[in-house]
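I have placed the structure first, in the form of structure tokens, so that the comments after it can refer back to it.
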2 protein chains.
Amino acid sequence: MILSTKGRYGLKAMFELGLQYGNGPIPLKIIAERQNIPENYLEQLIAILRKAGLVKSVRGAQGGYLMQRSPEEVTVGQVLLALEGPMAPAECVADPEAPKCKLASGCVTRGVWEKINNSIHNVIDTMTLQNMIEDQVSSIEKE
Amino acid sequence: MILSTKGRYGLKAMFELGLQYGNGPIPLKIIAERQNIPENYLEQLIAILRKAGLVKSVRGAQGGYLMQRSPEEVTVGQVLLALEGPMAPAECVADPEAPKCKLASGCVTRGVWEKINNSIHNVIDTMTLQNMIEDQVSSIEKE
DNA sequence: TAAATATCCGACTAAATTTGTCCGATGACT
DNA sequence: AGTCATCGGACAAATTTAGTCGGATATTTA
Ligand code: FES
Ligand code: FES
């Protein structure tokens, strides 16, 4: 269960946009270079993030992408949800509308999925891009 | 990031084997019926679990499958590892040998993956099949 | 106005994974 | 001998992954 490159590349890209927040747009080319992501592929990923309302774009020369909201307001969970779908082990714990196992004995794995789901979301829904940036800064200071 | 049916079916099957532990082998057909899993497909999954040393088999009439070790000794994590591969968001936190991002600035997502990885493993490596069985029993008692 | 920059959109693809199905061989019990 | 059940491998449709490419559009700059 390794995440796909969508989520892995996408979060790296969002980090770069977070760093740049408040300083105007940054083109994909720069992000792709800095994070070592195929530029043409990143184009597709950022389109998903744009449609999810996390990123906005400025076309033309000197254009590029910016975060729609500030890094404090965007969680890792929001980014991963857009790119990877629900970060849950099973549909039934991701979506209250989703069908549940209808076995006579009840579902024997539901409790496990719930615990895993809670522990994942406890991390990704509380961690913001701003937190990531701060962590990075303090890890560089230590050197 | 929903788990595949491998992990979801497989854990259900292991639960049934855990229930049966100490009472001789149980055929796949029964497990498939009880948990509503395509029998022919489950055959493939149990082969993986057998090769992983979690399950052993008895061929012939009155044969079937049994747990190799007791339900207290088998964690959810061991089952999911066999069926889904490493339960980590990225290779680099799953395997100490795996290559790390070698960017001048260091990897900006590593910390996030580590936190997610720890929170997942905190659940799945401490929860045993025996725990699942106990949870199920107490949830039935409450009715 | 022309050129350069950069997003936008859709098409296309190879490879891998998922989610099974099916069949014949083998082994064990009655 | 017949039945039960695992074992092994082949096959395959559908989906996802991980890109690549080309052309259209919008904006700035020279
Ligand atoms: S109710 Fe979700 S796996 Fe059973
Ligand atoms: S070192 Fe693991 S994602 Fe960068």
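Atoms considered below: every heavy atom in the structure, side chains included; atoms not considered: hydrogens, waters and symmetry mates. Because the structure is a prediction, the values reported are computed rather than measured.
- When the C1' atom of D:dT20 is taken as reference, atom CG of A:L45 falls 13 Å away, rounded to whole Å.
- The backbone N or O of A:V74 sits nowhere less than 3.5 Å from a side-chain atom of A:R69 that would complete a donor-acceptor pair.
- For the residue pair A:T128/A:N131, the side-chain donor-acceptor check at 3.5 Å is satisfied.
- Contact annotation: B:Y9 side-chain N/O to C:dT19 OP1/OP2 distance is not under 4.0 Å.
- Between the side chain of B:H121 and the main chain of B:M87, a donor-acceptor pair closer than 3.5 Å is present.
- Side-chain atoms of A:R59 stay outside donor-acceptor range of the base of D:dT27, with no qualifying N/O pair under 3.5 Å.
- Rounded to whole angstrom, the span from the CG atom of B:N36 across to the C1' atom of C:dG20 amounts to 14 Å.
- Within the 4.0 angstrom heavy-atom criterion, only backbone atoms of the sugar-phosphate kind lie near A:L28; the bases stay farther away.
- Taking 4.0 angstrom as the limit, A:K6 places a side-chain polar atom (N or O) nearer than this to OP1 or OP2 of D:dT17.
- Each of C:dT26, C:dA11, C:dT7 was ranked by its minimum atom distance to the side chain of A:P27; first place goes to C:dT7.
- Put simply, A:S57 has a side-chain N or O that comes within less than 4.0 Å of OP1 or OP2 on C:dC8.
- Side-chain atoms of A:E43 and base atoms of C:dC9 include a donor and an acceptor less than 3.5 Å apart.
- Taking atom CG on B:L42 and atom P on D:dA5, their separation rounds to 14 Å, with Å as the unit.
- Nucleotide C:dT7 holds its P atom 15 Å from the NZ atom of A:K51, rounded to whole Å.
- Using a 4.0 Å heavy-atom criterion, one finds that B:K29 contacts no nucleic acid atom at all.
- Between the side chain of B:N118 and the backbone N or O of B:K115, no donor-acceptor pair lies under 3.5 Å.
- Mapping A:Q62 and A:Y41 onto DNA chain D by nearest heavy atom places A:Y41 at the nucleotide closer to the 5' end.
- In this structure, the side chains of A:M14 and A:M67 come closer than 4.5 Å at one or more pairs of heavy atoms.
- Summarising the geometry, the separation between CD1 on B:I2 and P on D:dT16 is reported as 12 Å, rounded to the nearest angstrom.
- Rounded to whole Å, atom P of C:dT7 lies 8 Å from atom CD1 of A:I46.
- When distances run from any side-chain atom of A:N40 to the nucleotides D:dC21, C:dT19, D:dC7, the shortest one goes to D:dC21.
- Minimum atom distance to the side chain of A:T5 is reached by D:dG19, of the listed D:dC7, D:dT25, D:dG19.
- Using a cut-off of 4.0 Å between Lys/Arg side-chain N and Asp/Glu carboxylate O, A:K12 and A:E16 are scored as not salt-bridged.
- Between B:E33 atom CD and D:dA5 atom P there is a gap of 11 Å when expressed in whole angstrom units.
- For A:Q44, the side-chain atoms get nearest to D:dT20 when compared with the rest of C:dA25, D:dT20, D:dT27.
- Of the two residues near DNA chain D, B:R50 and B:A61, the one whose nearest nucleotide lies more 5' is B:A61.
- In this structure, the CD atom of A:E84 is 11 Å from the C1' atom of D:dT17, given to the nearest Å.
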